Peer 1: 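Take a look at this one; I'll ask things after.
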Amino acid sequence: MKKTSSTIIAAALAVGLLAGCSSGQEEGPAASPAQPSSSGAESAGEPNAFGWIKPAQTTVIDFYQADRDNPDKVARDTVRLHDYLLNNFNVDLKKTVYDVDPKERLNLMLASGEYPEVIAAMDDDTVDKWKAQRKIIDLTPYVDQYGQNIKKALGDKYKTYLDEDGKLWGLPRGWGYLPGPDFTAHIRMDWYEEMGSPKIETPEDYYEVLKQMVAAHPTNAQGEKVYALSWNDQVNINNVMGIWGLKDGYKEDADHNLVHWLNTSEGLEAARFYNKIYRDGLLDPDLFINKFDDWKTKFANERIVGHIGSWWHSWNAGHEIWRNSVPDYQEDMRYVQIAIKAAGAENAYLSPKDARGWNYTVLTDKAKNPEAIIKFLDFTMSPIGTRLLGWGVPNEEDSLWNYEGDDKWSFNEAQKTALLDGTFDYEKSDQLGGNRFWLVHGQGLLEDDNKSTAWYDQNFVDEDKWKKLMYDNTKDTVYDNTARRVVFSVDNPYTLVNQQIEDLVKNGFAQAVTRKTEDEFVSTFNELRDKANKLGLQDLEKYRTEEYKKQLEILNQ
């Protein structure tokens with residue numbers, strides 16, 4: 001299960017670009033036809049094995065996915081499923097990604113007017129911005145006519161995606177609740193056992209073990225320095241704060257009032273934890289400039305002995321590489337996921353879950369055949385459609401699954417065995433296209449069996465000793481964060497404040513962590529806190545509290 005997080009750009013740029021692209025057009029929501037036309041949506045022939053009737057004309061879905069990614073790898077990983085869908089569905093999926101900040105790219109698209117018919121991975125405030133500029137279309141009439149699976153899958157949640165006028169501007173991606181962790185602490189198992197497996201409960205315990213590991217392995221095989229911890233651009237500060245008992249970066253009292261970590265003693269201790277490691281010379285000096293691939297190279301070269309981040313990071317950069325490159329590889333040469341909790345914290349809250357999904361797929365005003373597009377997206381919301389788009393091409397020797405038709409399917413036993421025994425080839429399986437065209441389907445358990453999920457490697461948790469260990473170790477760190485979602489729309493007076501504070505905090509945290517003395521650290525942290533409060537952080541806390549309480553009331557009805 002691999003997800004990519006987006007970085008942040010200055011709101012001033014966003015506002016400037018927005019203001020500069022109106023071209024004198026009337027502001028307000030884009031208009032939608034009361035009844036979708038049937039042009040281009042006609043079908044021909046008999047249903048295929050999936051129950052899909054090929055359209056007479058090829059349905060072209062040209063989309064940009066607003067995640068920072070490697071275009072060459074995406075092209076490699078999508079070709080087989082693209083061809084399968086084109087041959088069997090007459091649907092031509094054309095995915096575009098860029099290795100640049102997606103917010104910046106979307107702003108440039110909006111300013112230039114050069115954007116595709118479909119955009120995936122658009123967050124709430126960006127949806128609102130494009131809606132205000134009349135650049136996306138209302139999907140309600142199309143879903144009403146062609147979206148039976150969409151409405152069935154979303155159920156009671158469907159109405160929560162509608163605006164105050166009952167219009168739908170985007171379909172959710174990754175909606176639903178998968179109970180496993182996303183974010184954890186990691187420890188290298190073979191070296192940990194080498195030490196006699198000392199107790200690890202707190203971040204201090206964790207660091208003490210990491211220090212001992214570095215002392216035993218100060219350099220790698222190439223003579224390069226080894227560090228206790230690092231960081232990469234997919235690590236979220238708010239998630240790290242969960243170790244100190246904060247939820248999504250905020251402290252909550254009994255009355256549901258929220259305080260940002262920067263205004264708490266817990267936030268100070270979290271930053272101090274990293275600063276101490278830095279001052280000990282055991283924190284990767286490149287930690288805040290590492291892209292994921294940079295970090296992965298260091299990790300795979302055994303230069304980083306611990307990690308606090310997404311669970312799949314240490315798998316993808318550790319044993320999934322080592323088992324194919326290390327002579328006489330043993331399965332305990334791997335990282336396992338553990339829960340650590342600061343002393344005094346009621347619980348560690350590491351993996352926030354938003355059942356409404358990560359973001360949205362929208363149709364822009366350039367969509368020539370929205371009816372046909374919605375028809376296909378509706379198919380992908382069905383259980384069998386989710387499996388196809390989630391697991392990739394079926395019925396080939398290296399496929400993850402087999403499909404007989406009439407909703408009869410089975411896992412490829414060879415691939416399942418490889419996943420369970422640690423020989424599964426993720427790089428090769430990626431090329432089957434699974435979840436590479438994630439436009440709308442959910443991530444929870446599928447309704448027709450209540451067991452399988454779009455994440456192929458999360459389907460056998462009870463049979464996979466390593467996944468089961470991870471789930472068991474971290475089960476108390478997963479929590480529902482749906483009610484905390486806030487939409488920072490174009491006309492929200494807190495949008496600019498929120499953006500400015502996020503930029504300030506991201507840079508200020510890095511500066512505080514990398515101070516050379518305790519006094520310099522404390523001074524830098526306090527200066528950061530004061531600057532954020534002067535920008536309006538405490539007002540933002542009050543606003544988030546109000547919105548949170550409103551959502552709690554709605555969800556508890």
Side-chain angles (χ1 to χ4, degrees), residues 5-15 68 101 103-104 125 183 203 207 227 229-251 258-292 294-295 308-309 342 349-350 352 484 486 488 494-544:
S5 61
S6 298
T7 54
I8 301 169
I9 62 167
L13 172 62
V15 173
R68 188 169 192 159
D101 181 272
K103 283 268 193 180
E104 182 177 357
D125 55 307
F183 198 93
Y207 178 44
Y227 298 99
L229 282 176
S230 184
W231 194 280
N232 65 59
D233 58 353
Q234 294 185 18
V235 175
N236 189 307
I237 297 174
N238 285 355
N239 288 359
V240 169
M241 294 296 160
I243 295 171
W244 283 264
L246 307 185
K247 289 184 175 180
D248 198 25
Y250 281 80
K251 186 173 184 177
L258 303 178
V259 179
H260 189 274
W261 64 262
L262 196 54
N263 285 322
T264 69
S265 60
E266 292 87 353
L268 174 63
E269 291 309 309
R272 178 180 276 120
F273 170 76
Y274 277 94
N275 176 247
K276 176 172 173 37
I277 303 173
Y278 177 81
R279 288 187 284 114
D280 287 348
L282 295 180
L283 195 62
D284 174 14
D286 299 327
L287 77 167
F288 293 121
I289 62 173
N290 285 329
K291 290 186 178 181
F292 179 76
D294 302 323
W295 174 90
I308 299 175
Y349 299 102
L350 292 174
R484 293 278 191 92
V486 175
F488 288 101
Y494 290 98
T495 296
L496 182 58
V497 173
N498 181 68
Q499 187 70 63
Q500 290 175 329
I501 289 173
E502 285 192 354
D503 292 341
L504 175 69
V505 167
K506 181 179 178 181
N507 294 326
F509 178 79
Q511 291 172 5
V513 164
T514 54
R515 290 310 185 206
K516 295 181 180 180
T517 69
E518 167 76 9
D519 288 344
E520 289 178 352
F521 161 74
V522 173
S523 176
T524 302
F525 186 93
N526 289 339
E527 183 180 348
L528 171 62
R529 180 195 59 213
D530 293 343
K531 285 182 178 179
N533 286 327
K534 285 180 181 178
L535 276 176
L537 178 57
Q538 291 172 324
D539 291 334
L540 186 63
E541 291 171 345
K542 292 177 183 177
Y543 171 69
R544 281 186 175 272

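Bear in mind that the values here come from a model prediction, so they are computed numbers and not experimental data.
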Peer 1: Is any side-chain heavy atom of Val235 closer than 4.5 Å to a side-chain heavy atom of Ile308?
Peer 2: no
Peer 1: When the ring planes of Phe525 and Trp261 are compared, do they come out parallel, tilted or perpendicular, using 30° and 60° as the limits?
Peer 2: tilted
Peer 1: How close do Tyr207 and Leu282 get, counting heavy atoms only, and between which atoms?
Peer 2: OH-CD1, 3.4 Å
Peer 1: Kindly indicate, with the supporting measurements, whether the criterion side-chain contact (heavy atoms from CB on, under 4.5 Å) is fulfilled by Trp231 and Val513.
Peer 2: CA-CA 12 Å; Trp231 194 280; Val513 164; over 6 Å; no
Peer 1: Distance alone, cut at 3.5 Å: any donor-acceptor contact between the side chains of Asn290 and Ser230?
Peer 2: yes
Peer 1: Is any NZ, NE, NH1 or NH2 atom of the basic residue among Glu541 and Arg544 found under 4.0 Å from an Asp or Glu carboxylate oxygen of the other?
Peer 2: no
Peer 1: Please name the pair of heavy atoms, one in Arg484 and one in Lys247, separated by the smallest distance, quoted to 0.1 Å.
Peer 2: NH1-O, 2.8 Å
Peer 1: Which distance, rounded to the nearest 0.5 Å, do you find between the CG of Leu262 and the CG of Asn533?
Peer 2: 7.0 Å
Peer 1: With side-chain hydrogen bond (donor to acceptor under 3.5 Å, both in side chains) as the criterion, how do Tyr543 and Asn498 come out once you've worked through the C-alpha distance, each side chain's angles and the decisive distance to 0.1 Å?
Peer 2: CA-CA 11 Å; Tyr543 171 69; Asn498 181 68; over 6 Å; no
Peer 1: What pair of heavy atoms forms the shortest contact from Ile237 to Lys506, and how long is it?
Peer 2: CD1-CA, 4.2 Å
Peer 1: For Lys103 and Asp125: C-alpha separation, side-chain torsions, deciding distance, then whether side-chain contact (heavy atoms from CB on, under 4.5 Å) applies.
Peer 2: CA-CA 11 Å; Lys103 283 268 193 180; Asp125 55 307; 2.9 Å; yes
Peer 1: Contact between Lys251 and Met241 at the side-chain level, heavy atoms closer than 4.5 Å - yes or no?
Peer 2: no
Peer 1: In Å and rounded to the nearest 0.5 Å, what is the CG to CG distance from Asp530 to Leu535?
Peer 2: 11.5 Å
Peer 1: What distance separates Leu287 CG from Tyr278 OH, expressed to the nearest 0.5 Å?
Peer 2: 9.0 Å
Peer 1: Can we say Lys531 and Glu527 salt-bridge, meaning some charged N sits less than 4.0 Å from an Asp/Glu carboxylate O?
Peer 2: yes
Peer 1: Can you list the steps and then say if Phe273 with Val240 is a side-chain contact (heavy atoms from CB on, under 4.5 Å)?
Peer 2: CA-CA 11 Å; Phe273 170 76; Val240 169; over 6 Å; no
Peer 1: Indicate whether any N or O donor in one side chain lies under 3.5 Å from an N or O acceptor in the other, for Arg529 and Asn526.
Peer 2: yes
Peer 1: Does the Arg515 side chain pair with the main chain of Ser523, one donor and one acceptor, at a distance under 3.5 Å?
Peer 2: no
Peer 1: In Å and rounded to the nearest 0.5 Å, what is the OH to CD1 distance from Tyr494 to Ile501?
Peer 2: 10.5 Å
Peer 1: Measuring from atom CG of Leu537 to atom CD of Gln500, what distance do you get when rounded to the nearest 0.5 angstrom?
Peer 2: 12.0 Å
Peer 1: Answer whether the closest heavy-atom distance between the side chains of Asp233 and Phe292 falls below 4.5 Å.
Peer 2: yes
Peer 1: Between Ile243 and Leu350, what is the shortest heavy-atom contact and its length?
Peer 2: CG1-CD2, 3.5 Å
Peer 1: Distance from Leu258 atom CG to Asn263 atom CG, nearest 0.5 Å?
Peer 2: 12.5 Å
Peer 1: With no hydrogens and no angle check, is any side-chain donor or acceptor of Asp294 less than 3.5 Å from a backbone partner on Lys291?
Peer 2: yes
Peer 1: Which atom pair, heavy atoms only, marks the closest approach of Phe183 to Gly309?
Peer 2: CE1-CA, 3.4 Å
Peer 1: Please find the pair of heavy atoms, one from Pro203 and one from Trp244, that lie closest to each other, and give the distance.
Peer 2: CG-CZ2, 3.8 Å
Peer 1: Given side-chain contact (heavy atoms from CB on, under 4.5 Å), test Tyr227 with Leu283 step by step and report yes or no.
Peer 2: CA-CA 6 Å; Tyr227 298 99; Leu283 195 62; 5.9 Å; no
